[in-house]
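So the structure is just underneath, and the comments pick up after that.
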Amino acid sequence: MMEGAGHPTILRLPWPPMQHILTAFSALDPLIALGVFVATAATDACYVAFTSAVVARKRLSAANWSSVWYMLSSFAVISYTENWVYVLFAAVGSWVGSFLSLTLLHQPGKAPAPIGSSPPE
């Protein structure tokens, strides 16, 4: 509150701070945005493959997918710490990566093995 002419007045700020939002969007680099989108889509696909390898108890495959997963996610994190708007591209990429990888993994006519069953030889 501010005092003005003997009466308290409330300082009103516009919300959301449109200038801040417009500045963040105008500073976007389309190639970085595309890179964040692709990196997070690939990250989620790797996560699905990692989880599948863990469930199948394939140690080497799980370890490999885990390292690729972290390498890809670090690109996205480094990119969107520079500008918060890249998080939107990361979220959409994440959704697309999960959706497509599960679509490809669970094709019709290919029943998944029950949880806890022995891995296929």
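We number each residue from 1, following the sequence as shown. Here the structure is a predicted model, which means the values were calculated and not measured.
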Quiz item: Cluster question for you: counting only ILVMFWY and a side-chain heavy-atom cut-off of under 4.5 Å, with indirect links fine, are W95 and V38 together?
Solution: yes

Self-check item: Transitive ILVMFWY side-chain link V36 to L88, under 4.5 Å
Solution: yes

Exercise. Take V96 and F37 through the test side-chain contact (heavy atoms from CB on, under 4.5 Å) and record every step on the way to the result.
Key: CA-CA 9 Å; V96 169; F37 172 81; 4.1 Å; yes

So how far is it from [X] [atom1] to [Y] [atom2], rounded to the nearest 0.5 Å?
| X | Y | atom1 | atom2 | answer |
| --- | --- | --- | --- | --- |
| Y47 | S73 | OH | OG | 12.0 Å |
| F99 | L104 | CZ | CG | 10.0 Å |
| L34 | L28 | CG | CG | 12.5 Å |
| C46 | Y70 | SG | OH | 12.5 Å |

Quiz prompt | Step-by-step side-chain contact (heavy atoms from CB on, under 4.5 Å) determination, N64 to V68 | solution = CA-CA 6 Å; N64 289 338; V68 172; 5.7 Å; no

Quiz item: Given side chains that start at C-beta, do those of S94 and T43 come closer than 4.5 Å, heavy atoms only?
Solution: no

Quiz item: Quick one: does T40's side chain get under 4.5 Å of F89's, heavy atoms only?
Solution: no

Quiz prompt | Heavy-atom pair with the smallest gap, counting every atom of S101 and D44 | solution = OG-O, 4.3 Å

Quiz item: Between S74 (side chain) and M71 (backbone), is there a donor-acceptor pair under 3.5 Å?
Solution: yes

Practice problem: State whether the number of non-hydrogen atoms from other residues, nucleotides or ligands found under 6.0 Å of W69 atom CH2 is greater than 12. | Solution: yes

